[in-house]
Every structure is written in C-alpha cells, then in structure tokens.
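See below for the structure under consideration.
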Number of protein chains: 2
Amino acid sequence: MPDHAHGSRADRLRDAGYKLTNARLTVLQVLEQSGGHITSTELLERVSAADPAIGRASVFRCLDLFTRLSFIRPTYIDNNVTPTYVLMPDGHHHHIICNACNRVIEFEECHLEALTKELEERLHVKLTGHLLEFYGLCENCCIEKAVTADE
Amino acid sequence: MPDHAHGSRADRLRDAGYKLTNARLTVLQVLEQSGGHITSTELLERVSAADPAIGRASVFRCLDLFTRLSFIRPTYIDNNVTPTYVLMPDGHHHHIICNACNRVIEFEECHLEALTKELEERLHVKLTGHLLEFYGLCENCCIEKAVTADE
DNA sequence: TGAGTTTAGAGAGTTTGTATCATGTTGAAT
DNA sequence: ATTCAACATGATACAAACTCTCTAAACTCA
C-alpha cells in the first residue's frame with residue numbers, strides 16, 4: 001500500500017464511521033492534488049495511474065461518499081455529460097463561470113456566515129457546506145461582445 | 001403549431017439573436033410548468049407528450065442554450081447520472097439539499113446584490129445569474145441522527 | 001421569389017455510471 | 001498477535017444518458 005498523507009479529511013472519514021481503505025485514501029489524495037476542479041474521467045485516469053488495482057466502481061463510490069460528506073460537490077462547467085467535482089476546502093467554494101468561454105474564476109469571500117446561521121435557526125437544519133456559482137461573461141468575453149456589437 | 005405564452009424568456013431569446021422555433025417554445029413552456037425543478041428524462045417525456053414531432057437532440061440543444069442564457073442551471077440532486085435543471089426566475093435560485101434524504105428546501109433571500117456588484121467592479125465581469133446551494137441535514141434527518149446516536 | 005443561414009429530426013454510436021456477486025480488507029475485541 | 005464479522009472492493013456485463021452526423025425544413029432578408 002502506497003504512502004498517504006493522513007490529513008483532516010481522512011480523519012473526518014473515519015469519524016463518520018467509514019473505513020480508511022486504500023481506494024478511498026488514493027482517491028482522496030488525487031482529489032487533493034487536482035487543484036480544486038476535476039472531472040470523473042480525469043479522476044479515473046489519475047487514480048488508475050496511481051494504483052492500477054483500483055476499480056472503476058470504487059472511484060464512483062468514493063465520489064458519492066465524498067459528496068455526501070461535503071468534501072466535494074459536482075457541478076456542470078463545460079457540458080451536460082460529465083460533472084466537474086470541486087473541492088470544498090472549508091466546506092464551501094465559490095466561482096464565476098463564463099457562459100461564453102467556460103472559464104472559471106474563483107473567489108474567496110462570500111459573506112454567507114450570517115445567512116447560514118439564520119437558515120439553520122429558522123429551518124432547523126444543520127448545514128455543512130455551500131457552493132456559490134455566478135454566471136455571466138468574463139472580462140475577455142465582455143470586450144469581444146462589445147467589439148462585435150460595434151461593427 | 002400549438003399556442004405559446006410569449007413571456008419575457010421568449011423575448012430574451014429573440015433579443016439574443018435566436019429564432020423562436022416551435023421546439024424552443026415548447027421546451028420553454030414545459031420548463032415553466034415544471035415548478036422549478038426537472039430532470040432531462042422528465043423533460044423529454046413531457047415535451048414528447050406535448051408534441052411528439054420534437055426530437056431528442058433538440059431538447060438537449062435547448063437545455064444547452066437556456067443554460068447559456070441563465071434561464072436554467074443544471075445541478076445534481078439525487079444521483080450522479082441525471083442533473084436536475086432548476087429555473088432561475090430572476091436570474092438566481094437558492095436551495096438547501098439534504099445529504100441524507102436528498103430533500104430540497106428552497107428559500108428566497110440571499111443578500112448577494114452587494115457581492116454581485118463588488119465582483120463585477122473588481123473583476124470586470126458581467127454577471128447574469130447565480131445559484132446558491134447549501135448542503136447538510138434537513139430537520140427530519142437531524143432528528144433521526146440524534147435518535148440513532150442515543151441508542 | 002430565391003439564396004443563404006439557422007435549426008430541426010432521426011437514429012446509430014459513444015460515453016458515463018450502475019448492479020451484482022464472489023473475494024478481500026479493515027478495525028476491534030479477544 | 002489472532003480472529004471474526006461487517007464493510008468495502010474489483011471485474012464485468014448492463015443500462016442510461018447524451019452527442020454526432022447528415023439531410024431536410026423553416027425562416028430571413030434582399
């Protein structure tokens with residue numbers, strides 16, 4: 001079994017009652033090295049490269065599990081076939097998707113702590129994470145559109 | 001050609017340079033009658049019921065187009081196969097997804113106007129919509145978990 | 001009316017995710 | 001350390017979802 005960094009996500013996995021198996025730790029490691037955005041296809045390739053013994057089904061099982069634990073969240077960026085899984089480092093993630101070129105611009109601040117608390121109290125729910133997505137045009141595509149309109 | 005309500009979305013479609021075809025108007029109508037959440041499979045069925053002449057590919061082309069125009073946004077609720085498309089009535093939509101039972105709780109207020117404006121100015125982007133998703137446990141699932149932990 | 005452009009429909013083909021089940025691994029109790 | 005039961009895995013066949021390609025139709029504008 002290869003070396004694994006046993007970070008806080010592995011701890012959370014164990015604390016939630018799940019076993020720390022090779023497949024889960026490898027998938028977690030690949031996700032963490034992905035830079036925050038990865039599709040299932042890319043993930044399958046990289047997991048397979050890291051350990052060819054890990055099967056297809058296990059990778060998908062991990063994606064389900066990690067989604068339920070709010071480690072990641074599937075979202076659509078390029079097309080309607082493959083979701084992109086985004087890491088939610090502290091339980092949350094925020095980005096802007098350009099509707100013209102599909103570029104993703106990430107940003108940090110969301111100021112949603114107050115809303116989170118208010119919703120928890122009013123609706124009696126327990127919130128573990130959130131994803132905030134804005135849609136529109138990025139700087140380049142704004143300029144291109146303006147140029148085209150001038151012609 | 002069946003009757004269609006020519007609301008503001010049809011206007012936006014035309015204003016963006018797209019033709020108001022029967023397929024597009026029918027898909028739009030079904031989406032608007034869907035109550036805000038619909039999967040591609042359900043949409044295909046209902047469009048087919050409304051007008052059997054409309055083909056599969058056209059429905060998916062509409063979903064792509066309407067997503068680019070921020071009429072709708074695909075998101076994962078139940079599983080990793082079929083996304084659910086949510087209507088974004090005024091360009092935005094907000095909900096809570098229960099990680100245990102997949103129930104969706106919608107809420108209205110998001111207080112994101114200020115952040116939208118700030119991002120537009122700072123990053124020189126033009127934002128047309130947003131989706132805010134919270135994840136966690138709904139009231140019922142909170143209770144069940146507490147009961148299980150007591151045993 | 002006629003040329004050019006956009007859009008549609010059909011259906012096969014590709015890709016992505018799932019179900020099943022026998023086997024292997026994990027973690028805890030002894 | 002050893003053992004055991006529950007949990008998790010891997011292989012593969014299967015099913016579902018989405019796309020591609022091509023031809024035909026509809027719409028636009030002169």
Side-chain angles (χ1 to χ4, degrees), chain A residues 1-2 4 6 10-28 30 38-69 72 74-85 102 148, chain B residues 1-2 4 6 10 13-28 30 38-69 72 74-85 102 148:
Chain A
M1 167 147 107
H4 287 294
H6 289 260
D11 292 341
R12 283 204 271 157
L13 200 51
R14 184 171 30 71
D15 294 348
Y18 297 98
K19 294 180 179 173
L20 300 184
T21 66
N22 181 47
R24 286 176 181 160
L25 293 171
T26 304
V27 171
L28 208 45
V30 171
I38 194 170
T39 62
S40 59
T41 307
E42 289 166 345
L43 183 68
L44 282 167
E45 283 169 9
R46 294 192 202 174
V47 168
S48 199
D51 185 344
I54 295 174
R56 196 182 170 60
S58 293
V59 176
F60 282 106
R61 281 188 282 242
C62 283
L63 286 174
D64 281 353
L65 178 59
F66 296 165
T67 299
R68 270 185 284 123
L69 293 173
I72 55 176
T75 180
Y76 281 113
I77 293 176
D78 273 3
N79 59 64
N80 291 338
V81 178
T82 313
T84 297
Y85 290 85
N102 288 325
T148 308
Chain B
M1 170 148 108
H4 288 294
H6 288 263
L13 198 53
R14 184 172 30 70
D15 293 348
Y18 296 99
K19 295 180 181 172
L20 300 185
T21 65
N22 180 47
R24 286 176 180 159
L25 292 172
T26 303
V27 171
L28 206 45
V30 172
I38 193 169
T39 63
S40 60
T41 307
E42 288 165 345
L43 182 69
L44 282 166
E45 282 168 10
R46 295 192 202 174
V47 168
S48 201
D51 185 344
I54 295 173
R56 199 180 166 63
S58 293
V59 175
F60 282 105
R61 282 189 282 241
C62 283
L63 286 174
D64 282 354
L65 177 58
F66 296 165
T67 299
R68 272 186 283 124
L69 294 174
I72 54 175
T75 180
Y76 280 113
I77 293 177
D78 273 3
N79 58 64
N80 290 338
V81 177
T82 313
T84 297
Y85 291 84
N102 289 325
T148 309

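Note that this is a predicted model, so its numbers are computed, not measured. Letters A, B, ... are given to chains in the order of the sequence lines, protein chains preceding strands, and every chain is numbered from 1.
- Heavy atoms of A:Ala57 sit under 4.0 angstrom from at least one base atom.
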Quiz prompt | A:Leu63/A:Tyr85 under side chain to side chain contact (heavy atoms under 4.5 Å, CB included): CA gap, chis, key distance, verdict | solution = CA-CA 8 Å; A:Leu63 286 174; A:Tyr85 290 85; 3.7 Å; yes

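- Summarising the geometry, the separation between CZ on A:Phe60 and P on D:dG10 is reported as 14 Å, rounded to the nearest angstrom.
- For the pair B:Leu44 CG and C:dA8 C1', the computed distance is 15 Å after rounding to whole Å.
- A side chain to side chain contact (heavy atoms under 4.5 Å, CB included) with A:Leu69 holds for exactly one of A:Ile72, A:Thr67, A:Leu65; it is A:Leu65.
- A:Arg14 contributes no side-chain N or O that forms a donor-acceptor pair with the base of C:dG27 under 3.5 Å.
- Using modelled atom types, no side-chain atom of B:Arg56 and backbone atom of B:Leu44 make a donor-acceptor pair closer than 3.5 Å.
- Counting non-hydrogen atoms under 4.0 angstrom, B:Arg56 reaches a base of the nucleic acid.
- For B:Lys19, taking side-chain heavy atoms from C-beta onward, the closest of the listed nucleotides D:dA8, D:dT28, C:dG9 is D:dT28.
- In this structure, A:Phe66 places its CZ atom 11 Å from P of D:dA8, rounding to the nearest Å.
- Looking at heavy-atom distances under 4.0 Å, A:Arg61 makes contact with a base.
- Atoms CG (A:Leu25) and C1' (C:dT26) sit 11 Å apart, rounded to a whole Å.
- At whole-Å resolution of the value, CG in A:Leu65 and C1' in C:dG17 are 17 Å apart.
- A sub-4.0 Å separation between OP1 or OP2 of C:dT15 and a side-chain N or O of A:Thr41 is absent.
- Here the side chain of B:Tyr18 is nearest to one of C:dG9, C:dT7, D:dT9, namely C:dT7.
- Rounded to an integer number of Å, the gap from B:Tyr76 OH to C:dT18 P is 10 Å.
- Between A:Ser40 and the phosphate of C:dG17, there is a side-chain N or O to OP1/OP2 separation shorter than 4.0 Å.
- Summarising the geometry of B:Phe66 relative to B:Arg24, their closest heavy-atom pair is CZ-O, 3.7 Å, with the distance given to 0.1 Å.
- Put simply, CG on A:Leu13 is 13 Å from C1' on C:dT26, counting in whole angstrom units.
- Distances shown here put a side-chain N or O of B:Thr82 below 4.0 Å from the OP1 or OP2 atom of D:dA17.
- As a whole-Å value, the separation of B:Arg24 CZ from D:dA26 C1' is 12 Å.
- The phosphate of C:dT26 has neither OP1 nor OP2 within less than 4.0 Å of any side-chain N or O from A:Thr21.
- Checking side-chain atoms of A:Glu42 against main-chain N and O of A:Thr39 turns up a donor-acceptor pair under 3.5 Å.
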